[in-house]
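What follows is one structure encoded as structure tokens, with my remarks underneath.
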Amino acid sequence: MPAAPEKLRVAFVCLGNICRSPLAAGLFRHHLAARGLADRVEVRSFGTADYHVGDPADRRTLAEAARRGLDLADHRGAQFTAADLAAFDHVFVMDKGNLHDVLALDADDAHGHKVRLVREFDPEPDDYAVPDPYYGGPDGFARVHDVLDRTTARLAGEVARQYGWVEAGADGVSPGGGRG
Ligand code: 4NP
């Protein structure tokens, strides 16, 4: 098992940093807090593009999150850089485009092992991409919320297990979820 740094640094990355990754970060924080692990992990989100640097999350993301009791009002957009790639312990991307763009920052091929498609942790991974809801209707935002809620719940359990923060064999799934 890898030694846990004093504070584990986890980044979620999408394209614009206003729809998917702010939600992933908020939900992951929620699932860590439910396990009493909030203080052990710094959770941030970024976009590969600079379109929305300094902007709040998309109002449709904010509305769907608020409807389910999650407050993302503090979010402000930030662009992911090579320095971030070096600094974070784990980088979870939403789709293959993000994966390509993040790995393109890794000039020395030193950090690729830290970068994963987040839906590798989804019990129902479909095509392993979190679909970009930006150009679609409200259904897309509800679906992305469902996907990221169950995926980050599983991820919180996986991180806890990987760093020895839970008993071996303890489950990483929220009530009602299955093991897998
Ligand atoms: P996100 O969605 O990558 O999930 O934040 C998008 C947000 C904005 C744009 C594209 C995707 N945009 O082109 O501005």
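Whatever order the structure lists ligands and atoms in, that order sets their numbers, starting from 1. Model, not experiment: these values are computed from the prediction.
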Starting from atom 4 (O) of ligand 1, which protein heavy atom do you reach first, and at what distance in Å?
Arg20 NE, 2.7 Å

For the pair Phe80 and Phe88, name the ring-plane relationship: parallel under 30°, tilted 30 to 60°, perpendicular over 60°.
tilted

List every atom of ligand 1 that sits less than 4.0 Å from any heavy atom of Cys19, numbering the atoms from 1 in the order shown and giving each element.
1 (P), 2 (O), 4 (O), 5 (O)

Report the part of Phe46 in contact with ligand 1, treating N, CA, C, O as backbone and CB onward as side chain, heavy atoms under 4.0 Å; options are side chain, backbone, both, neither.
neither

For ligand 1, which atoms, with element, lie under 4.0 Å from some heavy atom of Tyr51?
12 (N), 13 (O), 14 (O)

Using the side-chain hydrogen bond (donor to acceptor under 3.5 Å, both in side chains) rule, pick out the option among Arg154, His31, His30 that qualifies with Asp149.
His31

Sub-4.0 Å atoms of ligand 1 with respect to non-hydrogen atoms of Tyr135
13 (O)

Among Asp58, Leu15, Val13, Asn98, which residue places a heavy atom closest to atom 10 (C) of ligand 1?
Leu15

Using a 4.0 Å heavy-atom threshold (strictly under), name the region of Asp132 that reaches ligand 1: side chain, backbone, both or neither.
side chain

Give yes if a backbone or side-chain nitrogen or oxygen of Cys14 is under 3.5 Å from a nitrogen or oxygen of ligand 1, and no if not.
no

Is it the case that Asn98 and Asp95 place a side-chain donor and acceptor less than 3.5 Å from each other?
yes

Sub-4.0 Å heavy-atom contact, His52 with ligand 1
yes

Under 6.0 Å from the CG atom of Asp127, do we count more than 12 heavy atoms belonging to anything else shown?
yes

Enter the distance from Arg29:CZ to Glu42:CD here, rounded to the nearest 0.5 Å.
9.0 Å

Taking Leu99 as the starting point, is it possible to reach Leu85 by hopping between hydrophobic residues whose side chains are less than 4.5 Å apart?
yes

Relative to the heavy atoms of Gly16, which atoms of ligand 1 are at a distance of less than 4.0 Å?
1 (P), 3 (O), 5 (O), 7 (C)

Quick check against the 3.5 Å criterion: does Asp106 have a side-chain atom that pairs as donor or acceptor with the backbone of Gly112?
yes

